[in-house]
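I have placed the structure first, in the form of structure tokens, so that the comments after it can refer back to it.
Sequential numbering from 1 along the given sequence is applied to the chain's residues.
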Amino acid sequence: MFQALADPNRRQMVQRLCEGPASVSELAAPLAMTLSAVVQHLAVLEGSGLVRTQKIGRVRTCQLDTQALRAAERDRKSTRLNSSHGKLS
């Protein structure tokens with residue numbers, strides 16, 4: 001999951017999805033890349049479990065899986081806490 005968030009473009013997409021669902025075109029608008037590249041980035045986010053997509057007609061809508069994001073945040077905090085005590089989990 002953290003590997004999926006390593007890319008700044010994917011982090012920007014996740015940040016936008018924190019505001020609510022968006023179409024692929026809406027996610028692509030502020031990014032300097034092709035729609036095809038955006039779809040590839042979304043596939044990585046979807047594969048990590050952070051994003052879910054649904055196609056209705058011709059529009060693919062994306063939304064954040066907030067449970068997965070909360071789990072990632074808990075893991076990050078746990079790793080930081082353990083490393084501050086000399087342990088790395």
Side-chain angles (χ1 to χ4, degrees):
M1 185 174 303
F2 292 110
Q3 194 170 21
L5 292 172
D7 183 86
N9 292 307
R10 290 194 289 264
R11 285 195 306 271
Q12 186 174 349
M13 289 181 209
V14 168
Q15 187 173 8
R16 165 54 189 87
L17 291 171
C18 285
E19 298 170 13
S23 70
V24 173
S25 296
E26 290 171 331
L27 290 175
L31 302 172
M33 64 178 68
T34 65
L35 199 54
S36 176
V38 171
V39 169
Q40 290 177 350
H41 281 291
L42 284 169
V44 172
L45 290 170
E46 196 169 13
S48 73
L50 286 169
V51 171
R52 287 182 282 140
T53 66
Q54 179 181 16
K55 188 169 185 176
I56 301 173
R58 294 171 43 121
V59 177
R60 179 164 296 280
T61 302
C62 309
Q63 67 181 43
L64 199 59
D65 184 335
T66 54
Q67 289 181 332
L69 196 58
R70 283 190 206 108
E73 180 65 17
R74 279 193 305 272
D75 290 347
R76 186 184 64 82
K77 286 180 180 179
S78 174
T79 300
R80 184 183 296 163
L81 180 63
N82 288 337
S83 65
S84 70
H85 293 298
K87 301 175 188 172
L88 185 59
S89 53

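- The nearest pair of heavy atoms linking Glu26 to Pro30 is O-CD, 3.5 Å.
- In the hydrophobic clustering of this structure, Val24 groups with Met13; members are Ile, Leu, Val, Met, Phe, Trp, Tyr whose side-chain heavy atoms approach within less than 4.5 Å, directly or through other members.
- Without hydrogens or angle criteria, Arg52 side chain to Glu46 main chain gives no donor-acceptor distance under 3.5 Å.
- Of the inter-residue distances, the one linking Leu17 atom CG with Leu42 atom CG reads 7.5 Å to the nearest 0.5 angstrom.
- With hydrogens and angles disregarded, a donor-acceptor distance shorter than 3.5 Å links the side chain of Arg11 to the backbone of Leu5.
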Sequence neighbours left out, cut at 3.5 Å: what donor-acceptor pairs do the side chains of residues 33-40 make with other protein atoms?
{"unit_1": "Thr34", "atom_1": "OG1", "unit_2": "Ala37", "atom_2": "N", "d": "3.1"}

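- No donor-acceptor distance shorter than 3.5 angstrom exists from the side chain of Arg16 to the backbone of Leu27, with no hydrogens or angles considered.
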If you look only at distance, which donor and acceptor atoms sit under 3.5 Å apart when one is on a side chain in residues 58-69 and the other is two or more places apart or in another chain?
{"unit_1": "Arg60", "atom_1": "NH1", "unit_2": "Thr53", "atom_2": "OG1", "d": "3.0"}
{"unit_1": "Asp65", "atom_1": "OD1", "unit_2": "Gln67", "atom_2": "N", "d": "3.2"}
{"unit_1": "Asp65", "atom_1": "OD1", "unit_2": "Ala68", "atom_2": "N", "d": "3.4"}

